[in-house]
Each structure stands twice: as structure tokens, then as C-alpha cells.
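First up is the structure itself, then whatever we jot down about it.
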Amino acid sequence: MTDELAPRLDPRAIEPARYRAWQEGGYFHVPASAVLEDGREPYVIVIPPPNVTAALHMGHGLNNTVQDVLIRWRRMQGRASLWVPGTDHAGIATQNVIERQLAEEGLRRDDLGREKFVERVWEFVAETGGTILEQLKAIGASCDWDRTRFTLDEDLQAAVREVFVSLYEKDLIYRGEYIINWCPRCLTALSNEEAEGEETEGSLWHLRYPLSSASAEAAATASGAGAEAIGQLSDGRWYLTVSTTRPETMLGDTGVAVYPSDARYSGLIGAQVEVPLTGRLIPIVADRHVDPEFGSGMVKVTPAHDKNDFEIAGRTGLELLDVMTPDARMGDHAPEAFRGMDRFEARKAVLAALEAEGLLAGEQHHAHSVPHCYRCHTVVEPRLSEQWFVSMKPLAEPALAASQDGTITFTPGHWKKVYEHWMENIQDWCISRQLWWGHRIPVWYCPCGERIVARVDPTACSKCGGVALEQDPDVLDTWFSSQLWPFSVFGWPKESDDLKAFYPGHTMVTAPEILFFWVARMIMMGYEFQGKAPFTEVYLHGTVRDIHGRKMSKSLGNGIDPMRVVEEFGADAMRYTVISQCAVGTDISLDHEDVEAAFANGRNFANKIWNAGRFALMSLGDAPVRSVESIRGDLALEDEWILSRLEGAAIDATRGLDRFRLHEVAEGLYHFFWGEICDWYLELVKTRLGPNADPATREAARSTLVVVLDQAFRLLHPIVPFVTAELWARLPWPEGSERPGDLIVAPWPTADGGWKNDDVERRMSDFQNLIVEVRRLRKEYGVPDARRIGVDLTGGPDGFADSVVAQLAVFEQLARVDRVGTGHGSGVGANAVLPNGAELFIPLEGVIDVERERSRMLEEVDRLEGHLRGAVARLNNDKFTGNAPADVVQKERDKVAQLDDQASKLRAKLAGLEGGVR
RNA sequence: GGGCGCGUAGCUCAGUUGGUUAGAGCGCUACGUUGACAUCGUAGAGGUCACAGGUUCGAAUCCUGUCGCGCCCA
């Protein structure tokens with residue numbers, strides 16, 4: 001048991017072996033029979049599947065540490081605790097990776113063709129795809145690796161097929177031509193969520209469109225009535241003014257719209273306007289969605305390049321004119337002069353041409369949000385395109401209700417509102433992507449015009465029997481398959497035992513960024529296909545940022561590699577560091593320029609645990625240890641105290657975990673372990689564990705120490721699993737009780753041992769106050785640390801001084817006091833009154849400067865009286881005593897009594913001091 | 001433009017139904033070779049809780065406004 005442990009924790013020497021032992025012990029695996037046959041209550045988390053090509057970053061580190069803490073805790077509570085791991089095929093992201101590789105070889109995806117390209121992606125995935133999961137093992141993630149899934153696995157493809165076809169049959173999936181978000185670089189449609197708005201300092205240009213001569217009279221009338229947007233060009237033609245942030249789109253304008261009852265322009269409705277540079281004439285129409293207050297109150301309508309304009313066109317019958325190509329160059333419908341130009345080039349050219357014709361009315365600074373592709377960051381172009389969509393409104397209903405009625409809870413709570421707001425305003429989801437990597441859309445087209453939507457690949461047309469079927473070339477949005485994750489991982493649509501045992505799951509741990517992308521959609525799919533929400537609690541943790549508050553990212557180069565942290569400081573250090581910062585609703589900030597500073601605290605804590613364990617193991621030796629219950633009568637004050645504190649720590653930790661207050665749990669246990677077990681308990685029992693101690697008291701200390709460490713290691717295990725398990729395995733075990741197979745499955749501590757004892761805690765606190773006071777006075781007067789001193793103690797609660805005398809050995813150990821007198825003492829010395837009213841005198845002839853002692857005591861009296869005055873004033877206020885709850889008033893009275901006692905005794909001592917000196 | 005949130009010690013942040021002498025870690029200062037640990041110990045300094053009003057016996061905590069800073073959705 002006590003083979004030499006290194007004085008410093010070396011995580012590399014223990015972590016990999018521990019992990020292997022857990023895996024080999026089968027502790028991570030949970031079969032369905034654990035629930036279905038053994039009747040254990042399940043606890044299920046499905047991992048937010050990282051992109052298959054990703055390398056672990058700190059965001060994953062945080063996300064998976066949180067999940068592992070919860071999983072380990074529930075496992076210790078006896079739940080059939082299952083954490084399902086896996087990866088996501090990540091359509092665009094992965095395809096981009098491979099395309100970049102090809103580009104380095106001077107190739108494009110078309111050079112390979114679809115089949116070869118997809119093969120190449122599979123090869124890449126096969127080679128590097130598992131990396132991130134291996135990395136998760138290094139941070140201690142206790143996933144059930146036997147259940148590892150990939151969103152493109154065969155049975156997950158079956159789930160996707162089933163869902164697509166089923167939604168199609170229910171008329172919840174449809175195909176149509178609408179304005180979608182288009183990435184001109186990825187050459188694919190995107191969902192609204194995938195087009196990320198970015199605040200941009202741009203311009204708003206005001207353009208003049210000449211009116212046809214037939215409308216001159218109406219224009220003159222409007223102008224005369226004060227419509228500033230109407231005016232006359234130098235050649236006498238009337239014009240109107242419209243504004244845009246994307247001037248190049250004006251080439252596709254097919255109308256100008258005004259608010260129907262806008263008196264300024266009512267005479268112009270139906271008039272014709274010339275689109276400059278094109279020579280086309282377009283009509284002025286009325287539409288109620290025009291905001292008459294914004295700008296001139298007239299808007300140019302470009303139905304093929306703007307969502308709102310598309311809708312206006314739908315209502316007013318305006319033409320659709322697409323003037324761009326898929327890669328956002330000006331296309332065949334644009335005037336020849338601009339054809340082939342990139343959209344931003346065209347923007348400049350259009351502005352220059354308008355300027356030359358005197359049709360540019362002005363440019364205004366304009367901050368607005370510009371959508372960017374969430375994968376490649378190219379500016380997204382709204383574009384008219386035929387795509388597949390999901391009708392979301394009907395799906396959203398039960399998912400919205402689940403939040404409203406509390407079936408699903410959100411932590412932090414304010415996300416509930418955000419979620420509901422989104423659900424209430426949900427829009428249809430564009431799910432087709434013009435990519436090659438992903439779930440192919442299960443739709444086939446026959447030359448006869450028939451469209452076949454099928455679960456199994458058709459061989460012939462169901463209508464004409466023809467075999468020249470063409471499958472839809474597009475694939476599905478990645479999130480279409482990940483939204484099925486909570487049940488697809490269990491084999492659905494097959495009716496599996498796994499599904500029965502583990503659906504629905506319990507906690508979803510993720511980042512707020514993917515609340516809509518993923519979490520909301522999982523909930524909708526859960527209701528639609530399983531009739532139940534996929535989990536009951538959504539815990540949204542913060543974002544990992546650098547010291548300047550910037551999100552850690554590859555492109556900024558401010559990331560920290562978790563593998564490097566594990567290598568240098570250990571997984572325990574990384575875990576403690578992130579969890580101790582994991583306050584509900586706040587981000588994690590780590591210094592990427594000083595990784596040492598960022599993780600030293602965690603490393604030091606793990607080392608502290610290691611050394612406390614090392615000391616305990618050395619002190620305990622190999623002799624049998626009796627159960628603490630069997631020697632209850634022999635326990636010393638500090639034994640009872642630490643057992644009482646232990647129950648408090650267990651209550652706090654359990655409560656905190658229950659409510660996702662992870663940083664409170666981490667810091668609470670840190671304080672308990674370091675501040676109470678190490679700083680006090682271990683120091684207090686050192687002499688009792690020594691060879692010269694009385695056997696009964698030594699056995700009491702040994703039994704207590706074993707219990708305290710056993711239980712403390714259990715409490716700490718979910719956060720710092722490695723160091724605790726390593727030490728726990730070496731801990732001697734009390735006679736008469738069975739030792740669990742591993743700390744990982746040792747039952748989670750409860751507080752039903754009956755050790756909680758307020759009286760013991762108060763008495764211990766009195767003793768601690770005495771020691772701290774003596775230490776402070778020694779420091780105050782520069783008494784060398786090694787020098788033994790005596791003290792005199794009077795007053796205080798009954799038996800206080802006697803109990804201190806009885807603890808003399810400990811007192812000497814902790815404060816270098818080797819004599820305790822139970823009188824007032826005499827001579828020159830330092831004076832204090834403890835909170836419990838005991839008077840302390842430390843004779844320090846020759847050391848004490850009497851003047852200094854007097855001013856020090858005066859300061860102390862002042863401090864006490866300051867607090868006293870505040871409390872007395874409160875009690876003298878009838879409104880306070882009348883309105884405040886009785887226990888608050890009583891607390892105030894107790895405080896006054898204690899402060900008054902302390903202050904008056906100190907004043908008396910002060911008077912004595914002055915009398916004595918003179 | 002709409003919605004949500006944040007300004008507490010030099011730094012990063014806790015502080016959950018209003019009641020403590022406002023806390024932690026890091027950093028800083030002083031002292032320390034007490035055989036678990038210097039990745040340590042002991043002690044200390046450091047805060048008008050952004051600002052201005054209000055509600056209340058009582059406000060870091062609730063309300064209103066101002067200033068500064070984020071995030072989400074248009």
C-alpha cells in the first residue's frame with residue numbers, strides 16, 4: 001500500500017494507466033439490460049458530436065469535461081449512466097477540408113468527379129477521423145466507446161431516410177423556388193442559421209431613377225406637395241430617389257414600391273420608371289410592407305436578389321430577374337458592360353456609371369449587418385433558387401410547449417425566452433445543399449416527370465416503369481442528420497432494446513451558439529418521431545475566451561491545445577481549471593500567452609491532493625483500520641469536526657451538481673480539501689498519527705482519516721478523476737465493510753451518517769480563532785517563527801481554557817505555544833479578546849513596544865465599536881424590530897451582545913495597559 | 001430597429017427568492033529549512049459593489065434613468 005509515491009504528482013505517470021484500467025474494467029459500458037432487466041434508473045447524455053475532421057480545442061475540452069463530471073457523478077449515484085460518443089460528418093466543413101487539399105494538388109472537385117471525390121473524403125475520414133475521440137480519452141471522458149457512432153453510419157443513414165420520407169409524406173417537406181442564402185464560394189444554399197450576420201460599416205447609396213415622360217405631371221404634383229425624393233434632372237426629366245446598400249443589384253430591379261396610402265406618391269402608382277444603365281422600364285407598385293418612414297419611402301424591388309423584394313413581387317406580380325451567376329458574378333441578364341464582373345467589382349462599376357450619368361444622389365455612412373457563410377466567411381448572396389424545405393411551424397408547436405410547460409428546462413434560465421422567441425417566429429428550413437459530402441436526398445426523377453421519394457433506392461419508375469431514374473444531386477444539411485442523434489444512435493428506426501432503455505435521455509450539454517442549429521431541432525424531431533422530448537434539461541455553458549475576451553479560434557491564433565495542457569499539467573489540472581470557472585451564464589477566460597498561469601491553479605490543486613494522500617498513506621501504514629463507527633467514543637474534537645464538515649461538503653456538492661453550479665462545487669470542494677482537510681485537520685492529527693501517540697487516540701485519528709479521505713476522494717472524483725482514483729486505490733480499508741471495485745463506481749457520499757454537529761463546529765471554530773489570533777500577534781511583533789511562547793487565557797465559554805490546555809500538543813504544533821496559563825497573566829505583553837469572549841494575553845517582555853500595543857488595541861476597539869454602533873442603531877429603530885423577521889432581529893441582538901462583550905473587555909485591558917505603564 | 005445580458009479588489013470572476021464585518025483564485029508585500037506538498041506554509045495590504053435617483057426598517061441584490069461593454073434576432 002505504501003510503496004514510495006513521488007513528492008510531486010506526475011500526471012503522465014498515472015493518467016493513461018488509470019484510463020486503461022477503467023476501460024478494461026468495463027466501467028464505461030452500459031448495456032440495455034442494466035435498465036430493462038436490472039431495473040436501474042438510466043441517466044443518458046449524447047455527446048454533441050464534434051466534426052469528424054476536428055482536432056480537440058478548449059471549447060471541446062470544456063464541453064466534454066462538463067459532460068464527464070455529470071456522467072461520473074450520476075454513475076456514482078448508482079444510475080445506469082450512459083454517455084454516447086460519436087462524430088458528425090460535417091458536410092460543408094469536411095468538404096472544404098478536402099477541397100483545400102485538392103487545391104494544393106492543383107485540382108478541383110470537378111476534376112475528380114462526384115464518386116472519386118466522396119471516396120477521397122471517406123479515405124480521409126478513415127485515416128484521421130477518430131483523432132478527436134482519442135483525444136477525449138486523454139482528458140478522461142468516460143464515454144461508452146462500444147457505442148461510438150458517426151452521422152454517416154449505415155443505420156444512421158436509414159434514420160435520415162425514414163425521417164425525410166416520412167416528413168415528405170406528411171407534406172412537411174416540399175421543394176420550391178425561393179430566395180435562399182447562397183454562399184458563392186461553397187456554391188451551395190445555406191439555412192438562415194448558417195448565414196451569420198456581422199456588423200459592418202458600410203454605405204447607403206441614393207440613386208436617381210428617371211420617370212417616363214408620361215408621368216411628368218404626376219411627378220411635378222408630388223414634388224410640389226413636398227416629396228423630396230422627386231426632382232428634375234438637368235435635362236428636365238423627372239426622377240425619383242431610392243436607396244440601397246448593394247447597388248449592383250439594381251441591374252435586376254423590376255419595380256419600385258411605395259406604401260399604398262402614402263399620400264406623397266399616390267399619383268405615381270402605376271407609372272413607369274427607367275432602370276438606369278439597362279434601359280428597362282419598370283412599374284411603380286403599392287405594397288403594405290414598405291416602410292413609408294424609412295429613407296424616401298420608395299424602395300427599389302429586386303425580387304431575385306432579396307427576400308423581402310421577392311415577397312413584394314409575389315404580392316404585386318413583378319417579374320423575377322436574376323442578374324447573377326452562382327459564383328456571384330454578373331450574369332447574362334445584366335447589361336453587357338457588367339457581365340462577368342464579380343459582384344463587388346460590379347458595385348464599383350455601377351456606381352461609377354451612375355455618377356457619370358448624374359444619377360448618383362449621394363452616399364451615406366451606414367452600419368448594418370451583412371450575412372456571412374458560417375464555414376468560409378464569404379459574404380452570403382440572397383439568391384433565387386429551387387431547393388428543398390421543411391415546414392417548421394407544425395413541428396415547432398410541441399417543442400415550444402415543452403419549454404413553456406417546463407418539460408424541458410434551460411440553464412441559465414434566460415435561454416428559455418430566447419428559445420421560445422425563436423420557436424414562435426420560426427421559418428421554414430432550407431435543407432438541400434449543393435455538396436457531394438453528406439446524406440444524398442432520397443428523391444429520384446423519371447424522364448416521364450414522376451418524382452419518387454423512397455426509403456429504398458428505386459430501380460424503376462413507379463408510374464411509367466422506366467429505369468432512367470436520376471437521383472437528386474443534392475445532399476442534406478448536416479444538421480438534418482444530427483437532429484436525429486438522440487435516437488438514431490440507438491438504432492432507430494429499428495425497434496431496439498437500446499432505444500427502449502435509453503430514450504428519452506436526460507441532459508444536453510452544449511454551447512448557446514448551436515441552440516437553434518441543433519438543440520431546438522432535436523427537440524422537434526424527438527416529438528415528431530418518438531413522441532417525447534429527447535432530454536429534460538439543457539445546460540448551456542459559456543464560451544472559452546482568451547485573456548482579452550476574444551473567442552479562442554484557429555484563425556486568431558489565440559487557442560490553447562488541450563493536449564498540450566494534458567501533457568504539461570495533466571488532465572486533472574485542465575478539468576479543475578475549466579470547471580472552477582464554469583459559473584452559470586459566464587464565459588471561461590484563459591491566458592493563451594501564459595498557459596502556466598492559466599492552469600497552475602488546477603495543477604497545484606491536483607498536486608495538493610496528491611501530497612495530502614501521500615502523507616496520509618505514509619502515516620496510516622499497513623496496520624488494520626477500524627471503522628469509525630466502532631471507535632466513536634474515542635473521537636477527538638477535530639475528528640468529529642471534520643466528519644461534520646464532510647457531511648456539509650457532501651450536501652453542498654450534491655446540491656451544486658444538481659443545479660449545474662459547477663464552479664461552486666469545484667471551489668467548495670477545493671476549499672474543503674485544501675482549507676479544512678489539509679490546513680487544519682491534517683495539521684491537527686499529525687502528532688496523533690505519530691509513533692508516540694496514545695493508541696486509542698491514534699486509532700481514532702486513523703479511522704477518521706481513512707473515512708475523510710475516502711469520502712473526499714469520492715466527492716472530488718468527477719472533477720479530478722485521475723489523482724483521486726490513484727490514491728483511493730491505495731487507501732487502507734476499514735474492517736467490516738466491502739470495498740467497491742474502483743473509485744469510479746464508489747457510491748456518491750450522502751449526509752446521512754449523523755455526523756453533522758453544530759456544537760462541535762462552534763467549539764472548533766473557537767479554537768481556530770484562538771490559533772489565528774496568536775499567529776497574528778506573533779507576526780505583529782515579529783516573534784521568530786521557531787520561538788516557543790506561552791499564553792494566558794481567561795473567560796470564554798465554560799471549559800474553553802481547559803480544553804485548550806488539553807490540546808497543548810496541537811497548540812504547539814500550530815502556533816508554537818508551549819504553555820497555557822488559565823489566569824490573566826502579568827507583565828508586558830500583547831492583548832486580545834476572541835469572538836467567544838475569551839481574553840488572551842501573551843507575555844512578551846522585551847518584544848512589545850507599549851505604545852504600539854496601545855494604538856493597535858485602540859484600532860481594534862474602534863473597529864469593534866464601529867460594527868457595534870451600526871448594529872445598535874438598527875436595533876434602536878422600531879421599524880427594524882417591527883418589520884424584520886424575528887430570526888434576523890435575534891441575530892442582530894446576538895451580534896450586539898458578542899461585540900459589546902468583546903469591545904468592553906478589550907477596553908478594560910487597554911485601561912489596564914495604560915495603568916500598568918504609567 | 002427589436003430582444004437578452006453584463007459593469008463588484010491590480011487581473012479573471014463568485015455572490016439564487018433584499019438582512020455576513022462583500023468573498024475566491026491569480027497577482028502583490030513580509031516572514032518561513034516545522035521531513036505530505038516551495039506546484040508549500042503563516043500573516044498582511046487592497047473594494048464609496050459603473051454613475052444618478054427611487055422603493056424599503058434595511059439595497060451589490062428590486063425599480064427608473066444615464067454612461068460604458070457584450071450577445072442574439074431583424
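Please read all numbers here as calculations on a predicted model, not as lab measurements. Only heavy atoms go into these numbers, but all of them, side chains included; no hydrogens, no water, no symmetry mates. All chains are named by letter (A, B, ...) in the order of the sequence lines, taking the proteins before the strands, and each is independently numbered beginning at 1.
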Notebook entry, point to check: Using purine N1 to pyrimidine N3 plus N6-O4 or O6-N4 for Watson-Crick, or N1-O2 and O6-N3 for G-U wobble, both under 3.5 Å, which nucleotide pairs with B/rC4?
Noted result: B/rG70
Check: Quick one: A/Lys879 NZ to B/rU55 P, roughly how many Å, whole number?
Finding: 12 Å
Checklist line | Gap in Å between the two C1' atoms, one belonging to B/rU48 and one to B/rG44, rounded | finding: 23 Å
Next item on the list: Ignoring backbone atoms, establish whether A/Lys686 has a side-chain N or O less than 4.0 Å from OP1 or OP2 of B/rA36.
Entry: yes
Note to self: Under 4.0 Å from OP1 or OP2 of B/rU39: is there any side-chain N or O of A/Trp610 that close?
What the structure shows: no
Note to self: From the set B/rA43, B/rU12, B/rC4, return the single nucleotide nearest to any side-chain atom of A/Lys779.
What the structure shows: B/rA43
Next item on the list: Please state the C1' separation for the pair B/rU29 and B/rC69 - nearest whole angstrom.
Entry: 33 Å
Item checked: Options B/rC72, B/rU12, B/rU21, nucleotide nearest the side-chain atoms of A/Val418 -> B/rC72
Notebook entry, point to check: For A/Arg659, which contact category applies under a 4.0 Å heavy-atom criterion: base, sugar-phosphate, or nothing?
Noted result: base
Next item on the list: Could you check A/Phe615 against A/Asn601 and say which one's nearest nucleotide on RNA chain B is further toward the 5' end?
Entry: A/Asn601
Check: Checking all strands, does A/Arg775 fall into the base, sugar-phosphate, or nothing category for heavy-atom contacts under 4.0 angstrom?
Finding: sugar-phosphate
Next item on the list: Measure from the side-chain heavy atoms of A/Phe516 and tell me the nearest of B/rG25, B/rC73, B/rC40.
Entry: B/rC73
Check: Going by atom types only, do A/Tyr374 and A/Glu194 share a side-chain donor-acceptor pair under 3.5 Å?
Finding: yes
Item checked: Gap between atoms CZ and P, on A/Arg8 and B/rA38 respectively (whole Å) -> 6 Å
